[in-house]
Amino acid sequence: MPPERKARVGKRRRASSDKGDKDETASSAKERVGGKRKAAASAETGANKESSESPGSPQQCRWLMKSEPESRFENGVDMKFGIEDLKALPNQTDCWDGVRNYQARNFMRQMKEGQLAFFYHSNCKEPGIAGIMKIVKEAYVDHTQFDKKDVHYDATSKADNPKWSMVDVQYQRMLKRFVPLAELKKYHLQHRAKGGPLKDMALFTRARLSVQALTTEEFDFVLSLEDKEPL
DNA sequence: GCCAACGTTGGC
DNA sequence: GCCAACGTTGGC
């Protein structure tokens, strides 16, 4: 996964590509990185764990995608891709490439056009949720897996059976205030002890996943924090 | 298919 | 920069 910025985790991406041009709706290459992060290693074994998670059930139709907002060089390539970078692109849209983790990839394959995702800033001074984006194109082949120059090139992926997918996302808005991981963690601990919407939040229970599903309850609770004083 | 070694993620 | 958590690899 991206790159999981990306890959970033999420996303992360890089620049040019030559393959997979078939469907390049979003911008073509830019540099991104992000988030997310993705798991970088290419895996062979798990290669076909197709959908281990069930397709977007009605309760899990919101997402969280990680990307790195601060510069970090991987093979000479800057992985930086924060929400401001997405916002600055033409159409404020980009493809979330570079995800190299099966669970994260499978979540992206479940995404439906129009669904919302939090843009999470990871691996930085202040990790947390910066804003909201929308899925504008459902999963398609991540061309960076075939690009030898790309940081997320995967020699084990074949053109006739691509391993990795990506989606296109469009910037929606910043949260009224940045919601730091540390604050979410306080709620998580509180909810875990006494009950509450964040008690099982993937950000804490599967901390390393760069693309995560949120229930509407989790999503709405996090959103409600932007109108509250920081905890 | 088990599992130890290894590599990556990402908070701190 | 440390290091815990956890995913992946590969020997057996």
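Residue numbering restarts at 1 for every chain, and letters A, B, ... go by the order of the sequence lines.
Atoms CD (A:Gln103) and C1' (B:dT9) sit 13 Å apart, rounded to a whole Å. Regarding A:Leu203, its CG atom lies at a distance of 16 Å from the P atom of B:dT9, rounded to whole Å. Residue A:Leu64 contributes atom CG, which lies 11 Å from atom P of B:dG10 at whole-angstrom precision. The separation between A:Arg72 atom CZ and B:dG10 atom C1' is 9 Å, rounded to whole Å. One atom, CZ of A:Phe81, and another, P of B:dG10, lie 16 Å apart when rounded to the nearest Å. Distance A:Lys125 NZ to C:dG1 P: 13 Å, rounded to the nearest Å. Rounded to whole angstrom, the span from the CH2 atom of A:Trp164 across to the P atom of C:dT8 amounts to 7 Å. Regarding A:Phe204, its CZ atom lies at a distance of 16 Å from the P atom of C:dA5, rounded to whole Å.
Look at A:Lys185 and you'll find a side-chain N or O under 4.0 angstrom from OP1 or OP2 of B:dC12. A:Tyr120 has no side-chain polar atom (N or O) that falls below the 4.0 Å cut-off from OP1 or OP2 of B:dT9. Phosphate proximity of B:dT9 to A:Lys66: absent, as no side-chain N or O sits under 4.0 Å from OP1 or OP2.
Residues satisfying the ring pair (Phe, Tyr, Trp, His ring centres under 6.0 Å) criterion with A:Phe219, sequence neighbours excluded, are A:Phe118.
Of the candidate nucleotides C:dA5, B:dG11, C:dT8, C:dT8 has the atom lying nearest to any side-chain atom of A:Tyr102.
Counting heavy atoms from C-beta on, the side chains of A:Leu181 and A:Phe204 come closer than 4.5 Å.
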Could you list the donor-acceptor pairs under 3.5 angstrom formed by side chains in residues 190-197 of chain A, with sequence neighbours left out?
unit_1: A:His191; atom_1: ND1; unit_2: A:Leu198; atom_2: N; d: 2.9

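Formation of a donor-acceptor pair under 3.5 Å by the A:Asp142 side chain with backbone atoms of A:Thr144 is found in this model.
Across all strands shown, A:Ala182 has no heavy atoms under 4.0 Å from either base or sugar-phosphate atoms.
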